[in-house]
Structure formats: C-alpha cells, structure tokens
Amino acid sequence: MTKQKRSLLWFRKGLRLHDNPALLSSCDGAKYLYPIFVLDPWFLTADRVGPNRIQFLLESLEDLKHSLQARGSDLVVLKGKPLEVLPTIWKTWGITHLYFEKDTEPYANERDGQVRQAAAKANIEVETPVSHTLYDLEMLIEKNGGAPPDSMKAFESLLGKVGLPAAPAEDPPEKLTAPGPELKKTTGVYDSLPSLKDLGYKDEATSSIHGGETNALSRMSEWMADKQRVAEFEKPKGNPAAFDPPATTVLSPFLKFGCLSARLFHAKIAQIEKEKNNHTKPPVSLRGQLLWREFFYTVGGATKNFDKMEGNPICRQIDWDQNDEFFKAWEESRTGYPWIDAIMMQLNKEGWMHHLARHAVACFLTRGDLYQHWEKGRDTFDRLLIDGDWHVNNGNWMWLSASAFFHQFFRVYSPVSFGKKYDKNGDFIRHFLPVLKDFPAAHIYEPWKASEKAQKEANCIIGKDYPKPIVDHNEASSSCKDRMKAAYDAGKETRKREGAPSPQARKAPKIYG
DNA sequence: GAAAAGTTGGTTCA
DNA sequence: TGAACCAACTTTTC
C-alpha cells in the first residue's frame, strides 16, 4: 500500500495564491497540506535588511495567511535556519512531498541544494516549479548556446526564438487541502506573526508602501484601469521627482517578493497591447520593464561573480577610490547637493525611489562624482530598498557605474540640472529635505550660491544647518571621466593581451540546482 | 570596415 | 522648446 501524501509547501518568495504551481501540485492528491514560511536569521539583521523590507515581508505573510485560511488552509511561520528547521518538521509531520518555487539567487541556490539533499536522504519527493520569472532561465541559457546574452538586444532576439512566456497557472481551488491536525501544535511555530520588535529590530518601519498579494493585485488593477497610460508608457520619459503619486507603477516590491506574478503582470499588459493599435515597445514600454528584470535574472544567474567586480567576466575593472567620508556622506544625505540628498532621504524613509532617481545617485557615487566602488552603493540599496533584488540591483549598479552593459561613461548626470529639468520649483527637495524648504526656487538646487542674507531668510545657513557640497561637480566629474577613460584603456590592453573571454569561459556556473 | 544605435546627458544658443 | 555641439564608449547593423 502506498503512503498517504503529506505535502510540505515551503513559501520563500512567491507569497501569493495566484499563478502558484507549487501550491497546485502540493494539493494534488494530498491527504494533508502543510504551508510554512521560515524566518531565516541570516536575513534578519538591520545591517543586511532594513526594517522597511522586513515589515513589507511580515505584511505579505499576514495577507497570505488570511488568504490561505479563507480557503480552508493556513500558514505557520517558524524561525531558524531552513536546513535545521525543515528536517525537524518533516519528521514530526510525516512529510512525503516537498514543494517550493525555484530561486536562482546564490544564497537561495546553495540553501536549496542542501535542502534537496536532506530531503532525498529522508525519502521525500521534491518539486520546484519555475514561477518567479517569466521563463525557465536554464532553458533560456541553453537556447542561447550555454552562455548568457550580453545585451538587451541579444536578449530580445533570444526571446524572439523562444516565444512568449507561458500563461500564468490556473487559480487554486476554493477549497484547499486541509492542514494536518498537528500543524499548530508543533514546537517553534509562531501562533501569530512576530512584529519587527519581536525579531530584534530597534527601528520602526517608515515606508508608506505596504505588502501583500491583495495590495499587489489592487495596485495593478488600479494602474492598469487607464489602458492608454499602459499603452503609452515610456520609461525614459518618467518623472523621477514625482512622489505623490509616483510616475511608475511601484509594483517592483511586489514582484520582488512574488506577491505579484511577473507572468500575470506580463499577460495583463500583453492583453492591453493587443487592444491598442499604438503602443510603446520594449525596451522602453511597460512590458519592456519586465523584460529588463528577466534579462538581469538571466545574465546574473549565469555569470560568475556577478555581484563583484573582481573575477566577473562582464565587469570592467576600474580603480575606484575608497573614501569612507564620501561614502557616508552619500549614504546619509550629507553631500551638500539637495537633489542627491533628497533622493537618499526618500530611500531611507520609503525604501523606494523612481528608477531615474536611482540613476542620479548611483552615477554620483561612482563614475560621476565621488568615484566610490559600485559594490558599496549596491550594498546600501540592497539593505534599504523594499524591492531590493539581487539580480536587478547588481545589474543596474554595473550599468550605472559603466562597469557592464552601458559604456558611455562620458554621459554624466548633473546633480543640479537633472532634477531641475523635471521639478523646477524643487518640491521633491522641499518634501524630503525640509531644512531647505524655505529657499526660493532659484537657490533650492544650489543653496550654497545663495547670499548670506538669502540663507538667513530661508532659515538655513549653508555649512551649519545643511552641508556645503563635498565636491565641485565640474571638477569632480571631469576628473572621473579621465580616470574612467584610463581604466577602459587599460582594460582594452588586458583584453588584447589575454583575448576576450571565450563562450566556454563564460559558460554558466552550475547555480540552477 | 564604416555607420548607426544604444531604455533615460549636459550646455549653449536661437 | 528644440537643434547643434560637446567628446567619444561598445555593440549592432549594413
């Protein structure tokens, strides 16, 4: 007689019921279903993940729990290293099958490999469907001849061969497989979800963006109700200074945690594109934004040392400075450039900025002004962004620092003109840097140029109440450009000497489990 | 091998 | 507001 099927459904990302193939398979023919989330202490330190993202996660878990309960199921949350927690509970619950969504981040991949091994030893069947990305990345790499595409153009032509992404999975049944009776009686499970404080966080969350599948779906519907806006979406034309409301969808945090399925979002956009004769196209269109995410996932998953400069075959080797004063000033909104400092305040408070605002501060920290290493800025974003995503974040930092993908290092954003172009009056600065709010529009982007009298009238003395600029942008950017050119030239010499990395050398490291 | 393109530059001048 | 110019990278297209 065969054993009764008892499914363990391990949520990590993919915090949703819609388009969730792992959920469907786990219910299929099962006697009991045990849905869990494991709070891994590796993530739960303020220097690795800030309170805004953890709060967003907790809200997403709360929402998921309610949705599961509404369908006769439940969710329990445990704390500990997955490799220790999982074997304990699958023994206690007599688990026969384990389901979780595939995750290609290095930490997750390593962790999941070990979990698979432990599961195999315990005779547990494991199934890990792809539902975080539009495509199975392994398949994309294979179709591309074993190496990742190195530009968006190449990626688009690869997608041309592969076709459209699969449709989202069907919705789960109204009545899910019931949880086993011992689900909540197990040692170590949280009766109700822990708070930030319970998890050891001293600071409160300050973001106005709140997590969960319910919020994700309503935000998406609301945004897409205006079909014309979807059809005309053109990323480079967005306004980085708009914050109430922002110029983009702000769905990225929901995609990061899988509260929203990329495949569902893609299908909804494609539907509108079908209805409209005129619509923008990738890479600038709204659908194109999902393709950028997919591009960075594909390249990031198949490039050695993707999150480092050294030993990274696609990353230019650049002689970045190490100046902790500069870096701290950037991180703590003390550069003396209001446009830059206001964006960094938004990052700290909201855990989200417009894409172009990210460009402005990333360029300023690296090739534009301060010549600090992109890895340091990457770490700050990774800690503070609610949507902080390993693949996308690393990819974009290499892009902005002209280390990979983008090479026109002589195009530098001005920390004064760029913001002014969109927000002449400086409302964005006034909101996020209230110390400057009384400066007239003529001085708000360059308050150090205001006379002593004007500074007094604005109740803000530059050098005392708000810092003077830490560098002269014209001097700094011109020196940065010279150094970038020298670094590029040196790299060219090296490549000539050693030859470009062969496709073989660029072959994907085994990180797809 | 030359020309054009590359999701999102800045400044100046009419 | 838009065109010309700045200085000049790599990849793609022809």
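Each chain gets a letter, A, B and so on, in the order the sequences are listed, and its residues count up from 1.
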Can any side-chain N or O of A:Glu273 pair as donor or acceptor with the backbone N or O of A:His279 at less than 3.5 Å?
-> no

Atom CZ of A:Arg367 to atom C1' of C:dA8: distance rounded to whole Å?
-> 13 Å

Are the side chain of A:Asp369 and the backbone of A:Ala476 linked by a donor-acceptor contact shorter than 3.5 Å?
-> no

Quick one: A:Phe418 CZ to B:dT8 C1', roughly how many Å, whole number?
-> 6 Å

Taking atom P of B:dT11 as reference, at what distance in whole Å does atom NE2 of A:His473 sit?
-> 6 Å

Taking the side chain of A:Leu356 as its heavy atoms from C-beta onward, which of C:dT10, B:dG6, B:dT8 lies nearest to it?
-> B:dT8

Rounded to whole Å, CZ of A:Phe410 lies from C1' of B:dG10 at a distance of 12 Å

For A:Lys420 and B:dG9, what is the distance between atoms NZ and P respectively, to the nearest whole Å?
-> 18 Å

Using both distances under 3.5 Å as the test, list the Watson-Crick or G-U wobble partner of C:dA7, or none.
-> none

Scan A:Lys421 against the nucleic acid and name what it touches under 4.0 Å (heavy atoms): base, sugar-phosphate only, or nothing.
-> sugar-phosphate

For A:Trp352 and A:Arg358, which heavy atoms make the closest approach, and how far apart are they?
-> CD1-NH2, 3.4 Å

Answer yes or no: does a side-chain N or O of A:Lys153 lie under 4.0 Å from OP1 or OP2 of B:dA5?
-> no

Sugar-phosphate, base or nothing in reach of A:Glu234, heavy atoms under 4.0 Å = nothing

Base, sugar-phosphate, or nothing: which does A:Phe406 touch, judged by heavy atoms less than 4.0 Å apart?
-> nothing

Find the partner of B:dT7: check Watson-Crick (N1-N3 plus N6-O4 or O6-N4) and G-U wobble (N1-O2, O6-N3) distances, both under 3.5 Å, and reply none if neither fits.
-> none

When you get a sec, tell me which of B:dG6, B:dT7, C:dT10 is the closest nucleotide to the side chain of A:Val284?
-> B:dT7

